[in-house]
Enquirer: 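First the structure, then my questions, so here it is.
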Amino acid sequence: MAERVFITGMGLITAIGDNVMENLRSLRLQQAGIGYTRHIDTIHKEVLPVAEVRHSTEQLAVMAGVPVLGYTRTTLLGLIAMKEALQSAGLTEADMPGTGLVNASTVGGMCDTEKVYYDIIDPNKHGEFLDYIDTLDCADCTQRIADTVGIGAHIATISTACSSSANALMYGARLIKHGMLDTAICGGTEALTRFTINGFNSLKNIDKAHCKPFDQHRNGLNLGEGAAYLVLESESQVKRRGAVVLAELSGYCNANEAFHPTAPSPEGDGAYAAMKNALAMSGRSVDEVQYINVHGTATLNNDASEGKALLRLFGDKVPMFSSTKPFTGHTLAAAGAIEAIFSVLAIREQVVFPNLNFSEKMEEAGVTPETRLLEQYPVTNVISNSFGFGGNNASLVISKYE
Amino acid sequence: MEELKQKLKQQIIEALNLQDTKPEDIDDNAALFGDGLGLDSIDSLELMVLLERQYGIKVEDPREGRKILASVQSMAEFIQSKQTA
Amino acid sequence: MSNNRCYIQGSAAISAQPTFEGDFFSLPMIVTEANNLVAVEPDYKAFIPPNSLRRMSRLLKMGLTAALKAVQNSGQPSPDVIITGTGKGSLSDTEKFIRDIVEYQERALNPTPFIQSTYNSVNGLIALQQKSTGYNNTFVHRGFSFENALLDSMLQLAEGEVKRTLTGCFEEMTAEHFYIKSRIGFWKEADTGNAQLFDRNTPGSISGEGSTFFMLGDERTENTEACIKGMKMLYKPSAEALERGLKDFLDKHDVGIGDIDLVISGRNGDANTDHYYRILFSANCPATPEVPFKQLCGEHDTAGAFAVWLAAQILKQQQLPVSLQAFVANPPKAFRRILIYNHFIGEQHTFFLLEHV
């Protein structure tokens, strides 16, 4: 492959902050974003904790600079992250027609349509809710975001459950490497919904307390919401534009487990293959990885499986690793991009983020995540993992720009 | 107990859509999961839904669930223990 | 997409026509009086073990079966990668879970519809059945769902590490979703049916559904049906951008209008959006025979894949199916190259170019 792919901009919004700086500050202060929902009408609202973006949908519309009607919370979260990403990369309106967008979402505009679904299917009901009638699918948010900022060269939406935005980054990188795009903005957006809260609850994998990744007493995940986008550019475009490179997307791999519709394989086959092949593509060896931002959802199965994969790949020299999901919750389709940004921050700030709520090693796989905030830690290569339903495993390697 | 087990078998067949299975095909003590009926972890969640919807019994801990759902016999015993409790 | 080799080594289509089983080429079109074309579903038991079948909803069965049949028809081993597109995924599962949440007041919910509503659930099943542990991706972008899946596949074949990709799409229509879309003018108001689709010049179209899969490879095999030369997507193009897009596309593949023996067009009888086809064809290829395809499969997010399947069959058989013959007064002597132009609700526009092998 001819072109290297660089990260030149990033933007995000999560329960721990409205932008990159706020997220970084919360990570450093070890302030988690987990609490109880204020915006979702559910019987679980005082039982199942979530990591909700604190603003109301109306406030998000003001922040995004668009009218609220017709824009779902998913779109608004995405737009806020997108605008920060564009600003951070120094991209202007004039750059947009030549720019592509690869977005990701798992339930699209469900957050708003589920509130009015029974009105939508009732022929006797009419009203403003009709503005949301075609916002349920995953393409609605992508197109609204693209149309608002003027992106025109390529457009795609990916939905592979919890690995969606990691796959969006991969596809964007592929389009750049083949010379189809010079600039691809990739990431995902996800709003909390009653649909997903009940969905994961029906799978009995939501913890009623703060999630405890990689802990023996872990008992499930906490759902979160947010959006994150990274600006990917080809090396030649970076030179043309004189863009500032934040990091390099040096390797990636998507591998399927072909094991079970929702559960990972006990030995972590997919996780192992994804990490190993992503690392091979990056040309880095296992001892050149200083930090792994693990998927670490804190479900019984994921962490056991991922832990085994770490041991298989790294033996007794497992690098520093942590799950940042105790901060942001599991943001499903947005998680891969949010954690890719945390990986860039780990390199730029030379910091390893702590895995909160850990106290005892799992008996299935004896690995210990980093529980302290490590400053001035030399990080040059990070693996970021995102695994999902359908056996979909994705790993990214993000490297210091040299 | 016999009546309960018969009813359970019928309910299991319906809930899991075991089209070619009849109640008499299911042995009281045969393993529902793995080699027995060949059910998997999603079926186990569906059986917990069955217990809750049909018998009003909530199984919170999936680890506990595995023991309860081992066979028709163990399910019936669990239901009875809850009902007499 | 440059001139890389991408051969259709095998395919399968479940649609409203006898495309999966039966002699599609010699049978007349299956007609409907209503404004929705319903897929002819095969006997799934021949493809999926009963223990797997019992939990699957309709779209999962349709998608998985078309995928397995495409592999079978190719005569090739399991694919290295699996890439699909779907605009809406399993609508019946999504609707069921929304209803269950209300009906059971968020208590004691069955997880199956939630799991199956996940857009990549079909992919997971295909991978399981095929023991395919490679790259696996699902695109969910309306009229660019299958198209991005195809592009991703072609790029991976071009990279050389992948020999075979299983690439396809699946879509279903439910009564509820049909009603939802009728509220925003997707369908014709009067019962029109597919036989009169192009006669009314009224707004809206008729709905469709189905699943189409291709085994794509970088080598021409015995079963190979056709070669996909290229594809180009244009998002909400202006009339000028569309025109320029077509010229660039043909130039890039070193093909002139005279080299195109047949145009397959996505016109769907919608008075609001059919002008794209009319204007583009009359300005660029007025003399080239043109056949529409949505009277066969109905309008849906991934209808473009049906057109690709149709083009491949025409190139392979070197004739038009009976159901399409009335559209072409003077059929070409040979079908060497077919251009497809399709758009979805005027937003996602795509050109495909297929070649005889």
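Every chain is numbered from 1, with letters handed out A, B, ... down the list of sequences. Atoms considered below: every heavy atom in the structure, side chains included; atoms not considered: hydrogens, waters and symmetry mates.
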Enquirer: What I want to find out is whether A:Lys177 reaches C:Glu159 closely enough, with some N-O distance under 4.0 Å, to be called a salt bridge.
Expert: no
Enquirer: When you measure from the side chain of A:Asn392 to the backbone of C:Asn136, do you find a donor-acceptor pair of N or O atoms at a distance under 3.5 Å?
Expert: yes
Enquirer: To the nearest 0.5 angstrom, please state how far the CD atom of C:Gln105 sits from the OG1 atom of A:Thr42.
Expert: 12.0 Å
Enquirer: Using a cut-off of under 4.5 Å on heavy-atom pairs, state which of A:Ile120, A:Asn167, A:Leu203 scores highest against chain C.
Expert: A:Ile120
Enquirer: Determine the minimum heavy-atom distance between A:Ala258 and C:Ala127, stating which atoms define it.
Expert: CB-O, 3.4 Å
Enquirer: Distance check, rounded to the nearest 0.5 Å: C:Arg183 atom CZ versus A:Ile121 atom CD1?
Expert: 10.0 Å
Enquirer: For A:Phe195, which atoms come within 4.5 Å of any heavy atom of chain C: side chain, backbone, both, or neither?
Expert: both
Enquirer: Find out whether A:Asn103 and C:His141 are in side-chain contact, i.e. whether some heavy atom of one side chain is under 4.5 Å from a heavy atom of the other.
Expert: no
Enquirer: With chain A, which of C:Lys236, C:Lys131, C:Met233 has the greatest number of heavy-atom pairs at distances under 4.5 Å?
Expert: C:Lys236
Enquirer: Side-chain contact, heavy-atom cut-off 4.5 Å: C:Lys181 with A:Asp134?
Expert: yes
Enquirer: Please find the pair of heavy atoms, one from A:Gln143 and one from C:Gln348, that lie closest to each other, and give the distance.
Expert: OE1-NE2, 2.5 Å
Enquirer: Top residue by heavy-atom pair count (under 4.5 Å) with chain A, among C:Ser132, C:Ser121, C:Ser182?
Expert: C:Ser132
Enquirer: Non-hydrogen atoms of chain C under 4.5 Å away: do they reach the side chain of A:Thr160, the backbone, both or neither?
Expert: both
Enquirer: With a 4.5 Å cut-off on side-chain heavy atoms, are A:Thr262 and C:Phe114 touching?
Expert: no
Enquirer: Determine whether A:Leu175 and C:Leu155 make a side-chain contact, defined as any pair of heavy atoms from C-beta on separated by less than 4.5 Å.
Expert: yes
Enquirer: Does a side-chain heavy-atom distance below 4.5 Å link C:Arg107 with A:Asn201?
Expert: no
Enquirer: Find the one option among A:Ser163, A:Gly108, A:Ala255 whose heavy-atom pairs under 4.5 Å with chain C are most numerous.
Expert: A:Ala255
Enquirer: Return the option, out of A:Ala156, A:Gly388, A:Gly179, with the maximum number of heavy-atom pairs under 4.5 Å with chain C.
Expert: A:Ala156
Enquirer: Considering non-hydrogen atoms only, spot the tightest contact between A:Ser159 and C:Tyr119 and give its length.
Expert: OG-CD1, 3.4 Å
